[in-house]
Amino acid sequence: MPQFHHLLLFSLVASAAASQTYLKTVAEDPIDGLAEDPKVQYCESWRLAVETNNAGEWKKVPSRCVDVVADYIKGPQYLIDSKMVARLSHAYAKTVKLAGDGKDLWVFDVDETLISNFLHYTVHGYDSRMSNETAAYDQWVNSGKATALPWSLWLYRKLQSLGFQLVLLTGRKEHHRNSTEQNLMAVGYRSWKKLILRESLDATKTAMTYKSEKRAELEAEGYRIHGSSGDQWSDLLGPPMAKRSFKLPNPMYHIP
C-alpha cells in the first residue's frame, strides 16, 4: 500500500476515535455538569436557552445566576436587546398593507412587554411565574409603579402612526383593570382598542390556552392579527397565531 494511503487510513482512524471519545464525553455529561462552567458564561448560556425556549418549563432562575440576571436587566444589553426586537417589529409592520377598516391588529402583552415589574422582582426574587394570587403582587399592581419599557413605547407609538389598532392581552385579573389602565396611561400608553384581562372563567387556564382563546375571539369578530409582542412564549404560541410574533427578552420568570 502506498505511503499516502497509510497516512490517510491513520488519519481517518484517529479522527473517528477522537470523535467517539468526544461523543462519549458529551453523552455522559449530565445537565448538572454545566454548573461547572465559569459563572458568567454558564448564566449567559442559560439565558440563551430560556429565550430560545430550549429550557422548556423552567422553574426558577438558578441561584448562581440571580445577580447575573439582575445585572443584565439593569445594564445596557437588555435595552439593546429590546431595541432590536422593536426595530425588527417596526420593519415588518411597515410592510403590512392595512385595509383601513379598523380591523388590522397588533396584540401586545403587558407585563415585561409594555411595562416592567423589575423593581417588584428585585424585592421578592425571581420565580417561575408572575403570581396574581400573592398579596405582594396585588399590592405592587395596585401601586401602579411599573415603568414603561422605552423601546416598547416607541414601537407602540410607531404602530399607531401606521394605522394599526392595538389590543392589550394580559394575564392580569379583571379586578386589576383600573390600576393597570392608570399605570399604562401614566407612563405614556394611550388609545388602545381593547384591554383584555383574565375573568373568573379564565382562572384555571394556562396562559397559552387563555391567550389563544382570546385571539380566536378577536378573529371571530373580524379582526386580522398581523403582529404580536410578548415576553413569554405562551404569549405568542397556540392557534390562532399572529402572522408574525416577536419575543421580548425576559430571564426573570416563566409562565406556561
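Fair warning: this is a prediction, and the values are worked out from it, not measured in the lab.
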Participant: Quick one: do L237 and V107 end up in the same hydrophobic cluster if we chain Ile, Leu, Val, Met, Phe, Trp and Tyr together by side-chain heavy atoms under 4.5 Å apart?
Facilitator: no
Participant: Quick one: do L197 and V110 end up in the same hydrophobic cluster if we chain Ile, Leu, Val, Met, Phe, Trp and Tyr together by side-chain heavy atoms under 4.5 Å apart?
Facilitator: yes
Participant: Any salt bridge linking E219 with R224? Criterion: basic side-chain nitrogen under 4.0 Å from a carboxylate oxygen.
Facilitator: no
Participant: Any heavy-atom pair between the side chains of L153 and L114 that's under 4.5 Å?
Facilitator: no
Participant: Quick one: do T180 and V141 satisfy side-chain contact (heavy atoms from CB on, under 4.5 Å)? Show the steps, please.
Facilitator: CA-CA 7 Å; T180 300; V141 171; 4.3 Å; yes
Participant: Excluding sequence neighbours, so at least two apart, what forms side chain to side chain donor-acceptor pair (under 3.5 Å) with T206?
Facilitator: T209
Participant: Applying a strict under-4.5 Å side-chain criterion to I, L, V, M, F, W and Y, I'd like to know whether I80 and W151 cluster together.
Facilitator: no
Participant: State whether E199 and K205 are salt-bridged, where the test is any N-O pair (Lys NZ or Arg NE/NH1/NH2 against Asp/Glu carboxylate O) under 4.0 Å.
Facilitator: no
Participant: Are Y42 and R47 side-chain neighbours, meaning at least one heavy-atom pair lies under 4.5 Å?
Facilitator: no
Participant: Linking I/L/V/M/F/W/Y whenever any side-chain heavy atoms sit under 4.5 Å apart, do Y223 and W192 land together?
Facilitator: no
Participant: Please determine if R87 forms a cation-pi arrangement with W154, meaning its NZ or CZ atom is less than 6.0 Å from the six-membered ring centre and no more than 45° off the ring axis.
Facilitator: yes
Participant: Would you give the length of the straight line joining atom CD of E217 to atom CD1 of I196, rounded to the nearest 0.5 angstrom?
Facilitator: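 One finds 7.5 Å between CD of E217 and CD1 of I196.
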Participant: Evaluate the side-chain proximity of Y210 to S234: yes if any heavy-atom separation is below 4.5 Å, no if none is.
Facilitator: no
Participant: When you compare the side chain of Q232 with that of D235, does any pair of heavy atoms fall below 4.5 Å?
Facilitator: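 The answer is yes, as the side chains (C-beta and beyond) meet within the 4.5 Å cut-off.
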Participant: Can you name the ring pair (Phe, Tyr, Trp, His ring centres under 6.0 Å) partners of Y156, sequence neighbours left out?
Facilitator: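 Only F108, Y189 meet the ring pair (Phe, Tyr, Trp, His ring centres under 6.0 Å) criterion with Y156.
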Participant: Look at the rings of Y92 and W106 and say which category their plane angle falls in: under 30° parallel, 30 to 60° tilted, over 60° perpendicular.
Facilitator: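 Because their plane-to-plane angle lies in the 30° to 60° range, the rings of Y92 and W106 count as tilted.
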Participant: Between K211 and D202 (salt bridge meaning N to carboxylate O under 4.0 Å), is one present in this structure?
Facilitator: no
Participant: Is a salt bridge present between D231 and K247, judged by a nitrogen-to-oxygen distance below 4.0 Å?
Facilitator: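 Judged by the 4.0 Å cut-off on N to carboxylate O distance, D231 and K247 do not form a salt bridge.
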Participant: If hydrophobic residues (ILVMFWY) are linked whenever their side-chain heavy atoms come closer than 4.5 Å, directly or via other members, who joins V40 in its cluster?
Facilitator: none
Participant: Under the side chain to side chain donor-acceptor pair (under 3.5 Å) test, which residues partner K39, sequence neighbours left out?
Facilitator: D67
Participant: Of all residues at least two apart in sequence or in a different chain, which pass the side chain to side chain donor-acceptor pair (under 3.5 Å) check with H226?
Facilitator: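 Per chain and number, H226 pairs via side chain to side chain donor-acceptor pair (under 3.5 Å) with D104.
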Participant: Scan residues 56-113 for pairs that pass disulfide bond (SG atoms under 2.5 Å apart), counting only residues two or more places apart or in two chains.
Facilitator: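 Listed by first then second residue: C43-C65.
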Participant: Are L155 and L88 linked, directly or through intermediate hydrophobic residues, by side-chain heavy-atom contacts shorter than 4.5 Å (ILVMFWY only)?
Facilitator: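 Yes, one cluster joins them.
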Participant: Using a strict cut-off of less than 4.0 Å between a Lys/Arg side-chain nitrogen and an Asp/Glu carboxylate oxygen, indicate whether R198 and E174 qualify as a salt bridge.
Facilitator: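 Here R198 does not pair with E174 in a salt bridge, since their nearest N and O are not under 4.0 Å apart.
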Participant: Evaluate side chain to side chain donor-acceptor pair (under 3.5 Å) for Q77 paired with D81, printing each intermediate quantity in order.
Facilitator: CA-CA 6 Å; Q77 192 60 52; D81 290 347; 2.8 Å; yes
